[in-house]
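Read the structure below first, then the notes.
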Amino acid sequence: MSPDSAARHLPYGVFSVGGGDPRVGVAVGDRVLDLSVALMDPLFARPSLNPFLAAGPAIWERTAQQVGAVLADESTAASSMHPVADVALHMPIEVADYVDFYSGLEHATNAGRILRPGQEPLKKNWRELPVAYHGRSGTVVLSGTDVVRPRGQVPTTGRPELAPTGRLDVEVEMAFVVGVPSRLGEPVPVEDFAKHVFGMLILLDWSARDIQAFEYEPLGPFLGKSFATTISPWVVPYAALVAAAADGPPQEPAPLPYLDHPQPRGYDIELELVINGQVVSRPRFVTQYWSAAQQMAHLTVNGATLRTGDLCASGTVSSFDVASQGSLLELSLNGTQPLTLADGTQRGYLEDGDEVRVSASAPAAGGGRVEFGDAVGRILPARTLKIMAKRQV
Ligand code: CA
């Protein structure tokens, strides 16, 4: 493998050393290459990847070549390297708009069967367009940030009550990150995907199932999702995923022409969901029904813009096979068939103190794996509400 093709595999992130200013780096094994020093370019002396992402594909390609040249000379590279263990990682992007798609056929079918038994699991729109909702970009957090158990209106046999969720779940997802913006009113076709979209990362879509169940009709998720969404610190460029291209599921009926995306439209990315140190499932991204390019084309077909830093989640990566399911809703059949963890305790949904970790990797050109790293979150107990504290005095 030539040095610059190896450099195309490297994920980009934002880090700081010893309390210094955050800057852009690439992960090289267990080290970080400081691009602001190695390439002497102010584009990388910034606290987010956004300026680099906005610069577009020619700069992304030139940077990969420059990184390859730096890494080819170990003595030069070493002066710009830091052990990952010695750096603080920061949010890689300033998130613009956040969208969560619902593009896993098997997940949507499983969820429909569990939540609406006796009905057709997929709504009439599902095979016609990539269903999605707009989420809350301000609560997208970096891996390692604790997740406080949210409160909300939880259904009871009578009126709902304001209570901490009793059904805290996590959805295993990937997400794409937009680099080059589009113009208002101008749809972006499937074939222009690589002109706008830079890369992918891992995303944990925390979900309060009881709050979600009561609030979502008829407009979709709101507080059941908006309290936190976790992303991994490293963004893997699509250019690194050439060897991971793979056929996705067949699409029946054939989508409308603006959504046409010939095979291979999928990516062979393997994920792993770990709760409290125990692997509970291994979701496979190649099973996703709608591709990221189709999601992007649909998102903009009405003239809505793409912005630098837009984050678009894939939808839960799941399966009919329990070994590859990407949510506790599915793994525990909505809490009715709890999982047994390594310490013998059982989980229908997440408990306070639980740690969720999702990692991902894909085949690399020339052998080996492209590593996405991981996204981690630990559950903290619900906070006491001030209004309740007042009543107690
Ligand atoms: Ca989701």
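Note that ligands are numbered from 1 as they come in the structure, with each ligand's atoms numbered from 1 the same way. Just so you know, these numbers come straight off a predicted model, no measurement behind them. Note that these values count all heavy atoms, side chains included, but never hydrogens, waters or copies made by symmetry.
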Are the side chain of Ser48 and the backbone of Asn50 linked by a donor-acceptor contact shorter than 3.5 Å? yes
Please give the atom name: the N, O or S atom of Glu173 nearest to the Ca ion (ligand 1). OE2
If the test is ring-ring contact (aromatic ring centres under 6.0 Å, His included), which one of Phe176, Trp60, Tyr238, Phe193 qualifies with Phe198? Trp60
Identify, by name, the N, O or S atom of Glu171 lying closest to the Ca ion (ligand 1). OE1
Test of geometry: compute the angle OD2(Asp100)-the Ca ion (ligand 1)-OD2(Asp205) and round it to 10°. 80°
Examine the side chains of Ser361 and Arg369 and answer whether a donor and an acceptor come within less than 3.5 Å of each other. yes
Quick check, are the ring centers of Trp206 and Phe227 under 6.0 angstrom apart? no
